Participant: 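The structure under discussion is supplied below as structure tokens; questions concerning it will follow.
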Amino acid sequence: MNERNIDPYRKLERIRKRLKEKWIRASERQRAKGKLSAMERLEILLDPGSFVPLQSLVMPMYAEFNEEQADAMGDGIVVGYGTVGGRPVVVFAEDFSYKGGSMGRSHLEKMEWAIKLAIEFGVPLIGLYDSGGARIQEGVHSLTALGGVFFQNVMASGWIPQIAVIMGPCAGGAVYSPALTDFVFMVDKTSYMFITGPKVVKAVTGEDVDSEQLGGASVQTRKSGVATLMAKGDKEALLAVRKLLSYLPSNAGEDPPRVNTGDPWDRIDGELNRIIPADQRKPYDVKEVIRRIFDKDSFYEIQQFFAQNAVVGFARLNGYVVGIVANQPKFLGGVLDIDSSDKIARFVRFCDAFNIPLITFVDTPGYMPGTAQEHGGIIRHGAKVIYAYSEATVPKITVIVRKAYGGAYIAMCSRKLGADVVYAYPTAEIAVMGPEGAIEIIYKKEIEATPPEEREELIRKLADEYREKWSNPYVAAASAYVDGVIEPKETRPTLYKTLCTLLKRKKRFSKMPTKRHGNMPV
């Protein structure tokens with residue numbers, strides 16, 4: 001080696017040594033809080049040895065490069081690329097051990113650059129957030145750079161999957177970057193999201209709350225719906241992200257990955273005929289129906305604890321990825337309300353953006369009545385479901401399980417909303433309203449003229465006649481609003497054969513005049 005080249009190589013060696021020592025110190029500080037360091041998190045998330053760090057020597061604003069200041073190198077964020085399940089991804093992970101992960105200009109410019117890189121590569125973006133917010137000392141510089149991150153999040157939307165994992169604090173304007181992504185994961189007890197902290201809330205409103213009560217993982221997954229999934233620890237959250245990615249394409253120009261699950265496509269499950277009660281008033285768990293129809297252990301639920309009267313998630317059907325939307329009779333009878341409408345609409349739009357076929361299971365008595373819902377905008381929120389299904393161009397299959405009443409029947413991917421194929425079970429009832437409510441209106445005079453002791457029997461008789469004449473699935477099938485009446489046990493092979501046919505069709509495009517986009521009721 002040439003004599004003059006010895007010192008430069010030694011300098012690089014010293015820098016690498018100091019960076020290694022930096023991450024050892026960071027790990028010790030994070031473990032004391034029950035958390036992992038940024039590098040440890042990336043080691044769990046990515047395939048072993050696949051991570052390639054980039055821009056690791058970037059210094060904070062106004063700071064000159066100094067090999068003695070290893071803690072400042074990278075400005076509190078690690079960015080780079082690697083693989084998950086052999087497929088490339090771009091990642092960034094905030095380092096809370098450096099100035100509380102505060103977002104300075106250099107920090108945010110690295111984050112913005114990572115998103116641009118993911119867009120250019122056409123690969124998923126995964127962000128691990130652990131920051132106290134914008135760095136106050138850098139004022140407008142950090143705020144301006146934060147706007148650049150938001151812009152790139154929007155540019156990436158619909159082209160590449162974006163996943164945010166909140167692994168510590170995420171406060172102030174910084175919350176809007178994960179809010180603009182497709183999926184938000186949180187860690188119980190160690191992560192939280194809010195616009196203004198407990199002290200500001202106390203000063204302005206007088207409310208006395210702590211960070212967990214204000215924006216902890218439980219609050220954001222159960223009440224607000226901001227978060228997709230709550231994990232018990234860092235490792236569980238990162239492994240859940242790995243699993244989610246196995247259902248998603250790398251970008252909107254690709255199809256989701258198909259895998260061989262070993263579950264026969266023509267499997268018949270007789271238990272399905274017994275799970276669904278014929279009595280419309282008896283509840284059942286639609287998740288059990290989903291698990292029995294689709295490939296074994298393949299159902300991946302999204303927003304499990306939010307708006308539980310609706311169920312959404314991914315599953316596989318003989319290896320093909322599909323998006324599942326279902327009413328859940330176990331909660332509120334499967335009624336549609338404000339939150340469940342938002343949940344369904346957003347999921348449908350994601351699936352349509354990323355070429356994931358939709359299969360909808362309908363069992364709903366309608367929209368939730370009451371002043372709270374009306375004043376909260378159930379009309380506007382319910383319209384989102386109609387808009388999302390109507391706009392979706394992926395294959396759409398609907399299965400009417402039991403109740404399909406009123407506007408909710410239309411909204412849940414009915415024939416006129418673009419369903420390619422509609423099936424119904426023999427237990428299905430399709431009508432403007434339930435038989436009991438309908439005959440109370442149709443036969444009001446006859447019922448009032450009947451002696452009180454005989455009314456209950458008359459109402460039951462008239463309701464049975466109404467079902468037989470108007471609301472059974474064969475009436476809808478006779479008018480081609482339903483393509484076939486099938487037994488529940490036949491659902492899996494029927495859906496698979498239908499899906500295979502629909503997947504051969506080229507993506508359907510509207511013949512409407514060219515326009516920028518529609519105006520979704522948000």
Side-chain angles (χ1 to χ4, degrees), residues 26 29-30 33-38 41 60-61 75-78 92-112 114-115 126-154 162-181 183-231 233-234 237:
R29 288 194 290 267
Q30 288 290 85
K33 301 173 184 177
K35 298 160 63 177
L36 300 176
S37 70
R41 289 165 175 167
M61 184 178 172
D75 197 18
I77 186 170
V78 181
F92 62 79
E94 293 183 308
D95 174 19
F96 191 80
S97 69
Y98 178 71
K99 294 188 176 182
S102 60
M103 299 175 167
R105 188 184 71 181
S106 298
H107 177 120
L108 289 163
E109 287 177 346
K110 287 177 64 177
M111 188 183 294
E112 179 185 358
I115 304 172
I126 307 167
L128 310 185
Y129 295 79
D130 192 354
S131 168
R135 192 171 298 161
I136 298 172
Q137 300 93 320
E138 296 188 16
V140 68
H141 299 287
S142 63
L143 291 177
T144 300
L146 191 55
V149 172
F150 299 162
F151 182 82
Q152 293 305 324
N153 283 134
V154 174
Q162 299 182 82
I163 302 172
V165 190
I166 314 303
M167 312 195 79
C170 185
V175 298
Y176 285 111
S177 177
L180 290 166
T181 65
F183 302 98
V184 179
F185 291 69
M186 294 186 72
V187 180
D188 192 23
K189 307 302 182 186
T190 60
S191 69
Y192 52 84
M193 299 175 71
F194 42 65
I195 296 296
T196 53
K199 291 182 179 179
V200 177
V201 171
K202 175 71 173 178
V204 175
T205 70
E207 295 177 88
D208 193 4
V209 296
D210 59 25
S211 296
E212 184 65 27
Q213 294 169 329
L214 183 61
S218 181
V219 171
Q220 302 293 16
T221 53
R222 297 175 186 275
K223 293 185 178 181
S224 71
V226 168
T228 305
L229 179 144
M230 177 175 64
D234 284 9

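Computed from a prediction, not measured in an experiment: that's the story for all the values here. Positions are given from 1 along the sequence.
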Participant: Decide yes or no for Cys170 and Met193: does some side-chain heavy atom of the first lie under 4.5 Å from some side-chain heavy atom of the second?
Facilitator: yes

Participant: Using modelled atom types and a 3.5 Å cut-off, is there a donor and acceptor pairing between side-chain atoms of Thr228 and backbone atoms of Val184?
Facilitator: yes

Participant: What about Phe194 and Tyr192, are their ring centers closer than 6.0 Å?
Facilitator: yes

Participant: With rounding to the nearest 0.5 Å, note down the distance linking OG in Ser102 to CD1 in Ile77.
Facilitator: 11.5 Å

Participant: Heavy-atom distance under 4.5 Å between the side chains of Val149 and Ile115, does that happen here?
Facilitator: yes

Participant: Which pairs, with at least one residue in residues 130-148 and sequence neighbours excluded, count as a salt bridge (charged side-chain N to carboxylate O under 4.0 Å, His left out)?
Facilitator: Lys35-Asp130, Arg41-Asp130, Asp75-Arg135, Arg135-Glu138

Participant: Would Met103 and Glu94 count as a side-chain contact (heavy atoms from CB on, under 4.5 Å) if you check the C-alpha gap in whole Å, the side-chain angles of each, and the deciding distance to 0.1 Å?
Facilitator: CA-CA 9 Å; Met103 299 175 167; Glu94 293 183 308; 2.9 Å; yes

Participant: What pairs meet the salt bridge (charged side-chain N to carboxylate O under 4.0 Å, His left out) rule with one or both residues in residues 212-229, with sequence neighbours excluded?
Facilitator: none

Participant: Return yes when atom CZ of Phe150 has more than 12 non-hydrogen atoms of other residues, nucleotides or ligands closer than 6.0 Å, and no otherwise.
Facilitator: yes

Participant: Which pair of non-hydrogen atoms, one from Ala114 and one from Phe92, has the smallest distance, and what is that distance?
Facilitator: CB-CD2, 4.2 Å

Participant: Per the ring-ring contact (aromatic ring centres under 6.0 Å, His included) rule, what does the pair list look like for residues 93-112, sequence neighbours excluded?
Facilitator: none

Participant: So how far is it from Thr144 OG1 to Leu108 CG, rounded to the nearest 0.5 Å?
Facilitator: 10.0 Å

Participant: Is there side-chain contact between Gln30 and Leu36, with at least one heavy-atom pair below 4.5 Å?
Facilitator: no

Participant: Is any side-chain heavy atom of Gln162 less than 4.5 Å from a side-chain heavy atom of Asn153?
Facilitator: yes

Participant: Roughly how far apart are Ile163 CD1 and Leu229 CG, rounded to 0.5 Å?
Facilitator: 11.0 Å

Participant: To the nearest 0.5 Å, what is the distance between OG on Ser131 and NZ on Lys99?
Facilitator: 12.5 Å

Participant: How long is the straight-line distance from NZ of Lys189 back to CE of Met230, given to the nearest 0.5 Å?
Facilitator: 8.0 Å

Participant: Taking all non-hydrogen atoms of both residues into account, name the closest pair between Ala174 and Pro178 and its distance.
Facilitator: O-CD, 3.2 Å

Participant: Locate the shortest heavy-atom distance separating Ile166 from Ser191; write the atom from each residue and the value.
Facilitator: O-CB, 3.2 Å

Participant: Just verifying a value: how many Å separate Thr181 OG1 and Ile126 CD1, rounded to the nearest 0.5 Å?
Facilitator: 11.5 Å

Participant: On a heavy-atom basis, which atom in Thr190 and which in Val187 lie closest, and how many Å separate them?
Facilitator: OG1-CG1, 3.2 Å

Participant: Quick one: does Ser142's side chain have a donor or acceptor within less than 3.5 Å of a partner on Gly139's backbone?
Facilitator: yes

Participant: Do Met111 and Gln152 have side-chain heavy atoms sitting under 4.5 Å apart?
Facilitator: no

Participant: Evaluate the side-chain contact (heavy atoms from CB on, under 4.5 Å) criterion for residues Ile195 and Tyr176: first the C-alpha distance (whole Å), next the side-chain angles of each, then the deciding distance (0.1 Å), finally the verdict.
Facilitator: CA-CA 9 Å; Ile195 296 296; Tyr176 285 111; 3.5 Å; yes

Participant: If you look at every heavy atom in Val209 and Pro198, which pair is closest and at what distance?
Facilitator: O-CB, 3.1 Å

